[in-house]
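The structure appears right after this line, and notes come after that.
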8 protein chains.
Amino acid sequence: MTKPYSRLDLDQAVVLLVDHQAGLLSLVRDVDPDRFKNNVLAVADLAAFFRLPTILTTSFEEGPNGPIMPELKAKFPDAPFIARPGQINAWDNPDFVAAIKATGRRQLIIAGVVTEVCVAFPALSAIAEGYEVFVVTDASGTFNEAVREAAWSRMTAAGAQLMNWFAVACELQRDWRRDVEGLATLVSDHIPDYRNLITSYTALRGGMPASRPAA
Amino acid sequence: MTKPYSRLDLDQAVVLLVDHQAGLLSLVRDVDPDRFKNNVLAVADLAAFFRLPTILTTSFEEGPNGPIMPELKAKFPDAPFIARPGQINAWDNPDFVAAIKATGRRQLIIAGVVTEVCVAFPALSAIAEGYEVFVVTDASGTFNEAVREAAWSRMTAAGAQLMNWFAVACELQRDWRRDVEGLATLVSDHIPDYRNLITSYTALRGGMPASRPAA
Amino acid sequence: MTKPYSRLDLDQAVVLLVDHQAGLLSLVRDVDPDRFKNNVLAVADLAAFFRLPTILTTSFEEGPNGPIMPELKAKFPDAPFIARPGQINAWDNPDFVAAIKATGRRQLIIAGVVTEVCVAFPALSAIAEGYEVFVVTDASGTFNEAVREAAWSRMTAAGAQLMNWFAVACELQRDWRRDVEGLATLVSDHIPDYRNLITSYTALRGGMPASRPAA
Amino acid sequence: MTKPYSRLDLDQAVVLLVDHQAGLLSLVRDVDPDRFKNNVLAVADLAAFFRLPTILTTSFEEGPNGPIMPELKAKFPDAPFIARPGQINAWDNPDFVAAIKATGRRQLIIAGVVTEVCVAFPALSAIAEGYEVFVVTDASGTFNEAVREAAWSRMTAAGAQLMNWFAVACELQRDWRRDVEGLATLVSDHIPDYRNLITSYTALRGGMPASRPAA
Amino acid sequence: MTKPYSRLDLDQAVVLLVDHQAGLLSLVRDVDPDRFKNNVLAVADLAAFFRLPTILTTSFEEGPNGPIMPELKAKFPDAPFIARPGQINAWDNPDFVAAIKATGRRQLIIAGVVTEVCVAFPALSAIAEGYEVFVVTDASGTFNEAVREAAWSRMTAAGAQLMNWFAVACELQRDWRRDVEGLATLVSDHIPDYRNLITSYTALRGGMPASRPAA
Amino acid sequence: MTKPYSRLDLDQAVVLLVDHQAGLLSLVRDVDPDRFKNNVLAVADLAAFFRLPTILTTSFEEGPNGPIMPELKAKFPDAPFIARPGQINAWDNPDFVAAIKATGRRQLIIAGVVTEVCVAFPALSAIAEGYEVFVVTDASGTFNEAVREAAWSRMTAAGAQLMNWFAVACELQRDWRRDVEGLATLVSDHIPDYRNLITSYTALRGGMPASRPAA
Amino acid sequence: MTKPYSRLDLDQAVVLLVDHQAGLLSLVRDVDPDRFKNNVLAVADLAAFFRLPTILTTSFEEGPNGPIMPELKAKFPDAPFIARPGQINAWDNPDFVAAIKATGRRQLIIAGVVTEVCVAFPALSAIAEGYEVFVVTDASGTFNEAVREAAWSRMTAAGAQLMNWFAVACELQRDWRRDVEGLATLVSDHIPDYRNLITSYTALRGGMPASRPAA
Amino acid sequence: MTKPYSRLDLDQAVVLLVDHQAGLLSLVRDVDPDRFKNNVLAVADLAAFFRLPTILTTSFEEGPNGPIMPELKAKFPDAPFIARPGQINAWDNPDFVAAIKATGRRQLIIAGVVTEVCVAFPALSAIAEGYEVFVVTDASGTFNEAVREAAWSRMTAAGAQLMNWFAVACELQRDWRRDVEGLATLVSDHIPDYRNLITSYTALRGGMPASRPAA
C-alpha cells in the first residue's frame, strides 16, 4: 500500500513555459480565454514569487505562431529563452535541455500550448530521462476537452503528475507562515473569489492589506 | 415592419453599477469568476473611456454583502456613490434616482449583482418612468443560468435591451476613427483573443502599439 | 417606451403550490434534486415569512403520484388543501378557484410539478381571467431543460412573469429594514453561499446572529 | 390569430456577409470552428446556387482584424466589396447601403462576425428603414452562448427572423424539383449526415450522383 | 392583462406528422435518439388514444430521405398519407391542406423532422391562414440546440405555441377520470419514471394494472 | 508491451442483473431515463440471444426500493432470482455466489443500480476471488456523472473492464455470420439509428427483414 | 487477475474533515452549492451514525478563510479539532497526525476543501506512510471540473480510492438489517429521491416511519 | 521514475482505417459531424503526407452499414482494402493481419467507427501480439461520451496510447524544417484556426503561401 509521495520541492523545481505564443493561443478552446490568460500569468507570478529558475521557449515566433505573450517576456527578462528553429518537441532542442540541466534540478513544472504536443512531448522525453514531471494543467491548453483528456491519459500513464497552478503554489509554499503576504497577493491577484474574501475580511478586521487593484 | 432603432448615444447614456460587492460576488455562478471580474472591469473602463456619467450604489456594505469592489471605487473617485440604507430596488432610493436625473440623460446602461434583483428591479422601475434601459448582461451575474434566463425574460418583456459590454462599447464608438488607440486599448485589456491579434499584428507590422502588459 | 412595472405587493399576493407530490417529484430532471427540494422549501418559508395566504393542491394523492411533500403539509396546517379528484388543470377545480377568490387577491405566485402542465395550465387560465401571474421558476420542475423552455415560452407569451424564489422574496421585502433578521434567516437557510457570508461576518463582527444549524 | 408569413423570396433576397475576417474569426467561440467554417462556406455556396446578389464588407482589413476569408473573395469575385474605413455598423457606410439599394431588393439575409455587433447593428438599422431581415444564425458567431442569446433577443425584439443556412436554402428552393441535383450537391457538401445518406443511397440504387469528394 | 387561453380541444385538434423518415432521422442531433424515437411514438399513441384525425406526409420517400418510420404507417393504416413529390413546405402541397380542411378542425398539432423546415414552414403558413398551431417540440428534431432555438423563436414570434407531447396529452385529457387506464397506459409506455411509479404502486396496493411489458 | 486480451467468451460468460428495481431507478440521473430503460432491456435481450446463464437479484423488494422491473422477470422466468434479505453487496449473499459458481463460468457481465454500490461492491469481491469482471456501463446507473466517474475509477483500478452493451454483444458475436438476423434484430430493437439504417436498406434492397415494429 | 478488495471496515475507519470553512467554500465551483452543503452534512451524519472517530481541522480560521461550518462543530463537540497555525498539508501538522494515530485505525475517510490541496496533500502523505485512503469525492470541492479531474488523477495514481458518501455508508453498513431505521434516516435526510420513495411507501404501507421533516 | 517514451516513428508506423462507412457514421454522436468528417479526412491526409502504409477495411459494405466514405477510397486507390465478410474484430480476419505484417512495421495508428468495437477489439488483439497501438481518438467515434470513456479506459488499461490526429502528425514530423509547406498545408486544411493564422500572416508578411481554398 505504501507509495512514496513525490512532492514538489523549492530546491528541485524548475518552471518550463512552452509556446505560449499569441498565434497558438487562438487554438486553445478547452478553457475560457479569460481564465486561461489568468492561469498562465499566475504560473509566471508563482515562478517569480518562489524564485524558481524559469525557462521560456517558443516555436517559429516569426511565423503564424506569433510572438510569445509579452507579459511572459517582461516577467523573466533574464531567463533562458530558447527560440526553437524547428523542433516541435522542445526536448529535441539541445539548448533547451542544456538550460534545464544547468539548473541541476530534477522536478519539471511544465505548462504550454498545445497540451498534447508542446507539453506532452517534452514531458514524455523528460520522464524517459528520469526527471519528475508536474504538468500545470490549467496553464496548458488545447483544441477541446476530448483532446485534453487523451493528452492527460498519455502523460499520466507515463508517470506525469497533473496539478493546477494553485496546487503547485500550495505544495511549494507548504506553510502560510513562510510568507503570508506573498501568497495572499498571489491568490488575490489570480483567484477572484479569494480576492473577494480578502476584501471583505480587510474591511471588517483590517491588518492584512488588500492587494493592489488589478489593471 | 419598421421599428425605430433605439441606439446608444454618447450624449444620452449614463452607467449604473449596482451592488458589485465582495460578498455578493460569491453568489454569482452563471459566469466563470475570471470572466466576470474581467467583464465588470471592462464596463468600468468603457465608462471612463467614453467619459460617461457613472453612478455607483451598494446595499448594506458594512454587513455580509461586503464592500464594493475596490477597483470600482478607485476608478470613479468622484462619481455619485449611493450606499443604500436598506432599499433593495435602487430605484426606491431617492438619492439614486436624483443622481440619474441630475445627468439629464435618458439611456441607462445598467449592470449589477444579482441580475434578477439588483438589475431587474431598477430596470423595470426605470422603464415605467420612460427611460431606455440597456442591460450589460455579461457584467451582471446571478445564481445559475436558469435564473438568468428568467430574469432576462422579465426584463425583455418590459422593453429592456440586452447587450454585452463589447456591444455597448462598439455602439458608442460608432467609428474606429473616433479614437483607434483608445478602443484598441479597451479591447486589448479585456478580450484576450483580441490582445493576441494585436500582439501578432504589432510584431509583424508595428505601428499600433501593443497595450501595456496586464497586471 | 413606458411600460407599467407589475410588481409583487404584500397585500395582493397569494401563493399556490401545485402537485409537489412524492411520486411526481421523481419526474423532475431539469433541476438537481438537492437544489429543487431546497427551492420548494424556500418558497414555503417565504410564504410563511411574509404571511401570504397559501393554497395547496394535489392530484390523485392516493395513487402513483404519491402524497404531498410532508414538509409542505406541516408548514401550512391550516391552509386550504384541495385534493383534486381528477382535474389536471387545478383551475378546472371550483374549490381551488374559490379558495383563491376568497383571498380577494389578484397576484398569483405559482410553483408546481410538472411545469408545463401543473403550473402552465392554471397560469394560462388565471391570466385569461385577469389575474397577474408570477411563476416561481426554480420551485417548478419538469422532465428536462427543453421541456422547461417550451413551457416558459408558452407562459411568457401569455403575460406570465418568470421569477426565482429569491427575486420573489426581495420584491416582497422591498427594504431590508422591514425585518432584517427575518430575511437574513430565510436566505441563510436556503442559499448556502449567503449562509457562508453571514457565518464569516458574524465571526468577525458579531451582532447579526448566525442562523440555526440546518437539519 | 392570423399573421402574415414573411417568407424568403428568390426575387427579393440579397445576401450580406459582414466581417468574416481571419483575425475576427478567432473571437468566435459559440460554435466549434470546423462547424462554423463549414456554415459560412455553405452560405456562400447557397448564395451562388440561388444566384442571389451578394455583398461583402470588412472592417479594417489591413489591421489586426485580418483579411476576409479567401474563399469568400474567390467565390464572389465580382460582388460589391466594401472595405469600411472605420464604421462599425456597416449601415453607417453609405457605399454599403447604396449597394443594397442598387439591388432593389427588400429581404436581407445577413451573417457576420461578431453577432451582436457586425450583424445586429446593421440588422437593427435595416429594420428601422423597413427592410425585412433574416439572420443566418449559424454563419454568425460571437464570444460565447450567453452573448449570442442576448444578441438574438435584441434582434428578434426588433422583428428580425432567425434562420440557419439550411432553412434559408429550403425556403428559397421551395420545391426539390426546381433543381434536385443542385440542392443535393449543396447539402451533400455541407451536411455530412446528408452526404452519408446520399452515399448509401447511391451505392444501392444509383441514379443520383454522389457529390464530388471534399477537399 | 387579460389574454384568452388558447387551449387544445378534443373536437378541434388534428395531428400532423411531417417527414419522420428513416434517412432524415439521422440528421436529428438535438435530442438523444432513444428519447426521440420514444417521443415520436408517444405522439402517435396519443393521437390514437384521443382518436384525433391524423395526417402523415413525407418528402421524397424513395430517395435518400428514406421511408417513413414503419411504426407510424402501422399505427395509422387508414390515415391520409401524402407523399409529397417535391414541395418542401407541406402547406404548398394542395392534398395536404385539403386533408386538413376535410377535418373541419382549426387546431393543428404538428411534429416533424427537421424542426426549422418541415415543422416551421407549414406552421407559419397555417398561422397565416388563421389556424392555431401547437408544435410538439419533443417529437420534432433538428441538427443541434442552437438551430432549434432559432426555429422556436421564429415560430413563437408568429404565434405558435410550444408544447411537449405530455402537455398535449394532459391538455386534451383535462380530467384523469375521463379514462384513467388509458392515460396511465400512455404515460407508462412512454415515461419510464412514471412506469416505475405505477410498478411500485401496483405492487403495494394493486388495483391499477401495470402496463404491458415493453417490447 | 504484450498484454493478454481478456475477451468475452460465449462459454465463460454469465450475466448478473443487480437491483434494477422500480424505486431505485428513480435515483439514476447520470443517464436519460429513456436511454437507460432501453439499455437495460438490451442487456436482457442480449443475454437471451446468446443464451447466457443469467442471475437476477434484488434488495428489499417489498420496501421503498420497489419491485424488479417487470420486463426482467418476464424475460427470465426460470433464472435464479435472489431476493437478498439485507446484504448490500450481493456477493455477501451465499445464494448469489452459489448461483454463479453453479454455472462454472469465470467471466461476469454485471449491470445494476446504483453503480458505485450494487455494481462496484460485487465486482470488487469477484475480482478478489479471481473472476474476470466486465461492467456494462450503460445498463448501470447512479446519481450523477461525477459519482459514476469515481465508481469507474475504483473498479478499473481493481482490474474490471468497462463495456457498453453493444460492445458486449459484438465481442460475444465475433462474426456477423454466426446469426445475422439475430444480431440485426438486437441492434434494430435497441439502437434507433441502426434501425433507421435497416429500414432504409430494406426499402431499397429488401432481403434483410426489418425488425418488428416497437411497442 | 486476483486483487484483494480493500474494503471499508467499521473498526478501522476514521473520518477526516479538512478545511470546510465558510470562506473557502466560496471557492468551490465543481459542485452546486445546495448539493455540496448537503453532501458535507451527510458525511458528518454518517460519521455519527457509524460512531466513527472523527477529526476536524482548519486552516487560518481567524483570517479570510473563515470559520468552520458551524454545523460540523456542533455535530462533533468532543472531536479533536486541530486549528492549524499555517501548515497547508494537514499531515505536516503533528497534532493532526497524532490524533489519527491515537485512534489506532488504518483506513482514512477524507473530505475537504479544496480537493487538490487540502484533500490531496494529506492523502498522498498518508499513503506514503502505509494508510489506506478513501476520498469522499462529493464532500470535497474545488474550482472547477478540470481541476477536480487532475486532483483525482494524482490521488488514484498513488492508490487512493474514490467514493461518494453513499458508497461509504453502504460499505460500512454492509447489511440493511444492521440498523434499518438508522440507514433509512440517513438516506432520507440527504437523498431527496430516496426520501420521496420512503414517503410514498409509508403512505401506502406504513411500518417504516418517514424521517422527520427537514429544516 | 524512468519510463521509455514510446514514440511514433516514420519507419515503424502503419495507418489502419476501420469501418468509416456511410451507414455506421450515423451512429457517431460523441463528436459533431462537421468536426468528425474533418478529422477523418485529416488522418487520411496525414497518412498520405507522411507516405505511411495505409490499410482500409470495412464490415458488410453491401448491407445497412453502407459503403466506405468515398474520399477514403479515392485517397488510397492502391492500399490494401479488406472488405470483411463477417468478422467484427478486424484482427480476426487473416487478410487484415497479413496486410499489416506485410509492412514489417510495429506501430499501429488506428481509427474507426465505432470506437469500443471496431477500434478497441483490434487494438486489444494487436497489443496481445506485441504491437504498439496508437488510437487516433478524434477520428474514431461512437454513440456518446460515456461510451467513449469506457472504451478509452479499456484500451489504455491494456497499454494503448491515445492521441488526436494533430499529435500524431507532430510526433511524426518532429521538426518543422522537415517540410514546412507540407505540414502547413495539412494544418491549414484541417484546423480552421490555424488557417486563419496563416491567412493573416501571409497577408502581412507574405512568403508562406496560403493553402488552396477549401472545397
Side-chain angles (χ1 to χ4, degrees), chain B residues 4 6 19 21-29 59-60 62-66 84-89 91-93 106-107 114-133 142-161, chain C residues 1-8 30-32 35 39 134-138 140 145 148-149 152-153 155-157 159-180 183-184 187-188 191-202 204-205 207-208 210:
Chain B
S6 162
D19 301 354
Q21 296 167 252
L24 293 175
L25 287 166
S26 79
L27 306 180
V28 175
R29 286 170 183 268
S59 162
F60 258 147
E62 73 290 356
N65 292 351
R84 307 194 308 280
Q87 301 95 342
I88 294 178
N89 181 347
W91 206 267
D92 288 344
N93 181 298
R106 305 299 299 167
Q107 295 185 325
V114 295
T115 312
E116 74 277 20
V117 172
C118 306
V119 177
F121 291 2
L124 295 170
S125 293
I127 290 168
E129 297 201 11
Y131 288 86
E132 288 188 290
V133 171
T142 187
F143 300 99
N144 55 61
E145 285 84 354
V147 168
R148 179 178 70 202
E149 285 169 36
W152 287 12
S153 164
R154 198 180 188 208
M155 291 190 285
T156 54
Q161 299 193 57
Chain C
M1 210 58 201
T2 303
K3 181 165 179 299
Y5 175 7
S6 162
R7 191 173 181 175
L8 279 169
D30 65 328
V31 209
D32 174 75
R35 185 191 287 175
N39 290 343
F134 302 80
V135 176
V136 192
T137 49
D138 53 354
S140 303
E145 284 83 355
R148 179 177 69 201
E149 285 168 36
W152 287 12
S153 164
M155 291 190 285
T156 54
Q161 298 193 59
L162 306 180
M163 297 176 75
N164 57 330
W165 72 259
F166 181 68
V168 169
C170 290
E171 193 155 300
L172 290 166
Q173 173 83 7
R174 300 224 171 168
D175 196 305
W176 276 89
R177 291 166 297 184
R178 184 187 163 279
D179 178 352
V180 173
L183 188 58
V187 301
S188 176
I191 304 179
D193 283 325
Y194 228 124
R195 184 189 202 80
N196 292 331
L197 293 175
I198 293 173
T199 298
S200 287
Y201 173 81
T202 306
L204 281 169
R205 183 59 50 91
M208 179 186 293

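Values below: every heavy atom of this structure, side chains too, minus hydrogens, waters and symmetry copies. Labels below follow one simple rule: chain letters A, B, ... track the order of the sequence lines, proteins then strands, and each chain is numbered from 1. Note that the structure is a prediction, hence the values are computed from the model and not measured.
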Checklist entry - Going by the angle between their ring planes, with limits at 30° and 60°, are C/Y5 and B/F121 parallel, tilted or perpendicular? => result tilted
Item to check | Partner chain B: residue of C/M163, C/R174, C/E171 with the largest heavy-atom pair count (under 4.5 Å) | outcome: C/E171
Checklist entry - Does any heavy atom of chain C fall under 4.5 Å from the side chain of B/A146, the backbone, both, or neither of them? => result both
Item to check | Chi angles and distances behind the side-chain contact (heavy atoms from CB on, under 4.5 Å) call for B/N144, C/D32 | outcome: CA-CA 12 Å; B/N144 55 61; C/D32 174 75; over 6 Å; no
Checklist entry - Is it the backbone or the side chain of B/R84 that comes under 4.5 Å from a heavy atom of chain C, or both, or neither? => result neither
Checklist entry - What residue in C/S200, C/A167, C/P4 has the most heavy-atom pairs under 4.5 Å with chain B? => result C/A167
Item to check | Leading residue by heavy atom contact count with chain B [cutoff under 4.5 Å; candidates C/N196, C/L162, C/D175, C/I191] | outcome: C/D175
Checklist entry - If you look at every heavy atom in B/I88 and C/C170, which pair is closest and at what distance? => result CD1-O, 3.8 Å
Checklist outcome for this item: Scanning both residues in full, the closest heavy-atom pair of C/T2 with B/G130 reads OG1-CA, 3.5 Å
Item to check | Closest heavy-atom pair and its distance - C/K3, B/A158 | outcome: CD-CA, 3.6 Å
Item to check | Electrostatic pair C/R7-B/D92, nearest N-O below 4.0 angstrom | outcome: yes
Checklist outcome for this item: Residue from B/L24, B/V117, B/T142 scoring the most non-hydrogen pairs under 4.5 Å with chain C is B/V117
Item to check | Shortest non-hydrogen contact from C/S6 toward B/R154 | outcome: O-NH2, 3.3 Å
Next on the checklist: I need the B/N89 CG to C/Q173 CD distance, nearest 0.5 Å.
Outcome noted: 13.0 Å
Next on the checklist: Apply side-chain contact (heavy atoms from CB on, under 4.5 Å) to residues B/E149 and C/T137 and explain how you reach the verdict.
Outcome noted: CA-CA 10 Å; B/E149 285 169 36; C/T137 49; over 6 Å; no
Item to check | Which atoms of B/S125 approach chain C - backbone, side chain, both or neither, heavy atom under 4.5 Å | outcome: both
Item to check | Check: B/V147 and C/F166 side chains under 4.5 Å, non-hydrogen atoms | outcome: no
Next on the checklist: For C/R178, which atoms come within 4.5 Å of any heavy atom of chain B: side chain, backbone, both, or neither?
Outcome noted: neither
